[in-house]
Amino acid sequence: MFLPDRFVKGTCPRSKTEDQYGDACENCGATYTPNELIDPLSVLSGSTPIWRESEHYFFKLSEFDNRLRAWIKTAELHQNITSKLEEWFEAGLQDWDISRDAPYFGFRIPGTKDKYFYVWLDAPVGYLASFLHFCNLHEGINFDEYWTPDSDTEAYHFIGKDIVYFHTLFWPAVLEGSGLRTPTSVFAHGFLTVNGKKMSKSRGTFIKARTYADNLDPNCLRYYYAAKLGPSMEDIDLNFDDFVARVNADLVGKLVNIASRCAGFISKRFDGRLADSLDDSALFARFTDASGDIARHFEHREYSKAIRRIMALADDANRYIDEKKPWIMVKNDGQVEDVQLVCTQGLNMFRSLMIYLTPVIPSLAEKSRELFDESAWPWSAAESPLLATNIQKFKPLLTRIEQAQVEKMIEQSKEPDAPEKAPDDNDTISIDDFIKVDLRVARIEKAEPVEGADKLLQLTLDLGDEKRTVFAGIKAAYDPAALEGRLAVAVANLQPRKMRFGTSEGMVLASGPGGEDIFLLSVDDGAKPGMRVK
RNA sequence: GGUGAUGUAGCUCAGUUGGUCAGAGCGGCGGACUCAUAACCCGCAGGUCGGUGGUUCAAAUCCACCCAUCACCA
């Protein structure tokens with residue numbers, strides 16, 4: 001295996017300091033190459049590296065110097081990135097070694113036996129491949145319209161700061177060289193830490209999206225990120241105490257509260273009818289005037305600035321309601337009409353803010369839109385108030401996050417750290433992983449079509465000591481009558497899943513691409529329902 | 001080792017071109033209110049703006065060096 005400089009340690013050839021990396025000595029500052037080290041050792045295995053000759057393929061990056069410099073200007077890359085790139089241009093672009101000797105993963109280079117493409121040559125090609133796949137699945141989207149050099153569509157890459165290099169030098173050069181268009185720009189962001197530290201499986205801070213979504217509302221996380229994220233490459237921290245406080249204070253306490261404290265009056269006193277004018281149109285104008293600023297912030301990826309602007313307006317709205325005191329006005333016969341005006345004002349301020357926040361908290365915005373009984377919220381809708389129309393009864397849009405929810409999520413995410421050996425890039429699973437799947441022999445007692453479902457059959461399975469109802473998408477391939485009585489293999493410990501037609505309590509194993517080509521797994525004669533498959 | 005970035009109140013962060021820039025939100029403390037998911041409103045914050053020098057009439061803001069953290073080094 002080829003060892004990069006920092007994977008070789010040994011004694012410095014100049015100062016004779018032991019345990020130094022293969023590129024420089026920390027003690028005397030000398031720089032050298034790994035082959036100059038005295039007694040070199042592999043950091044990975046501890047053995048002595050040996051010299052081998054190998055033929056390599058190179059990408060002539062040096063040829064792209066001018067074109068890359070030109071592209072970097074048009075892409076208007078963030079200052080963080082350009083200052084980083086300066087370094088490489090100053091040193092002069094070197095040709096890029098794009099081959100690796102076996103054993104390696106990925107794609108073998110055509111015409112060779114044991115040479116493979118370096119991962120960063122083929123990885124970004126996956127962007128094109130997956131987009132082409134998308135085009136094939138969707139009528140009317142033409143790959144060439146997006147990726148030929150004369151394309152007028154915009155293409156952006158959102159990446160992490162660790163791979164700026166590959167996306168701002170190699171990738172544009174590869175695209176140029178292939179006769180394809182280059183990205184409009186590349187946006188790089190920092191890393192996410194959790195509670196100030198790198199994510200850790202053992203601490204329970206390596207949280208999967210699924211685990212998060214099982215415990216908490218995605219809108220909350222989206223809001224929290226937006227509130228902290230800017231266009232730079234700085235890392236951002238997901239601090240759970242801060243997260244809970246911020247979401248509860250901003251989203252629930254301030255924002256949703258505006259609607260909550262106004263909608264009740266409108267429903268109870270005015271049959272859900274909004275007034276036909278605003279109480280304070282100058283105040284509302286402050287909300288509409290913010291539209292341009294907020295849109296600009298979003299476009300420039302200044303999410304945290306957009307959020308700050310929006311929440312400052314939310315404070316204004318709450319302050320307004322507090323000054324007007326509709327709960328006192330409502331007790332004075334002469335002021336009851338004004339309550340409708342004040343609450344209409346409050347609800348419209350809330351409405352504008354929610355329209356602005358739609359890109360950040362889409363499903364919360366959608367629930368809010370339903371309150372106003374509107375069918376769509378284009379950005380421009382925030383500019384004119386909604387008047388003289390009925391609103392729906394207010395339902396809580398978002399509830400406070402409890403610390404316990406977060407703790408539960410962390411608990412569910414805890415697992416021992418992966419062994420520190422090889423990166424486990426391969427797709428193998430351990431025997432323990434396999435054992436988790438409880439496979440059982442099942443007898444199909446009953447099979448019947450499901451009304452309203454084209455593909456499903458409802459199966460009643462006999463698992464020995466219990467009966468299960470399972471919905472299987474095999475209708476096109478099997479006649480229900482022919483299934484009854486036969487043996488199959490079922491997953492017995494699959495989480496029950498609610499479907500439109502009922503709850504499916506397991507899964508029957510089958511093979512094939514789908515449609516009419518589905519083949520149920522069979523069990524040889526003699527097996528009894530309920531037997532474990534292993 | 002080289003390069004880039006970051007380091008501002010207990011916490012999370014704003015601070016454009018040097019001079020009301022020493023701030024906001026949360027937490028904390030005090031008060032007011034009760035419409036609202038104990039939410040909202042008002043008041044209170046003694047942080048040498050990582051450290052040390054330097055430039056300047058004036059620096060968190062410019063320069064040098066140092067320390068710490070993150071990333072990259074084809």
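Naming convention: chains lettered A, B, ... in sequence-line order (proteins, then strands); numbering from 1 in each chain.
Across B:rA74, B:rC35, B:rC26, the shortest atom-to-atom separation from the side chain of A:R100 is found for B:rA74. Of the candidate nucleotides B:rU12, B:rA39, B:rA74, B:rU12 has the atom nearest to the side chain of A:N239. Comparing B:rA5, B:rU37, B:rA74 against the side chain of A:F170 picks out B:rA74 as the nearest. Picking from B:rA74, B:rC72, B:rG15 the nucleotide with the shortest atom distance to the side chain of A:K305 gives B:rG15. Picking from B:rC26, B:rU37, B:rA5 the nucleotide with the shortest atom distance to the side chain of A:R400 gives B:rU37.
Across every strand in view, B:rU3 sits in a pair with B:rA71 that passes the Watson-Crick or G-U test at under 3.5 angstrom. In a base pair of the Watson-Crick type (N1 to N3 plus N6-O4 or O6-N4) or a G-U wobble (N1-O2 and O6-N3), with each distance short of 3.5 Å, B:rA39 is matched with no nucleotide. A 3.5 Å limit on both hydrogen-bonding distances identifies no Watson-Crick or G-U partner for B:rG46. B:rA60 makes up no base pair with any nucleotide shown, lacking Watson-Crick or G-U wobble contacts both under 3.5 Å. The partner of B:rC21 is absent, by the rule that a Watson-Crick or G-U pair needs both atom distances under 3.5 Å. The pairing partner recorded for B:rC33 is none, the criterion being a Watson-Crick or G-U wobble arrangement whose two distances lie under 3.5 angstrom. Applying the Watson-Crick and G-U wobble criteria (two distances, each under 3.5 Å), B:rG27 pairs with nothing in any strand. Base pairing analysis places B:rA9 opposite nothing; no Watson-Crick or G-U wobble pair with both distances below 3.5 Å involves it.
Close to B:rU3, at under 4.0 Å from its OP1 or OP2, lies no side-chain N or O of A:K161. A:K228 has no side-chain polar atom (N or O) that falls below the 4.0 Å cut-off from OP1 or OP2 of B:rU12. Between A:R319 and B:rC42, a side-chain N or O to OP1/OP2 separation shorter than 4.0 Å is present.
No contact: A:P326 has no heavy atom under 4.0 Å from any strand.
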Query - Check against ring-ring contact (aromatic ring centres under 6.0 Å, His included), A:W379 and A:Y356 - result: CA-CA 7 Å; A:W379 186 264; A:Y356 295 148; 5.1 Å; yes

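The backbone N or O of A:L61 sits less than 3.5 Å from a side-chain atom of A:D95, completing a donor-acceptor pair.
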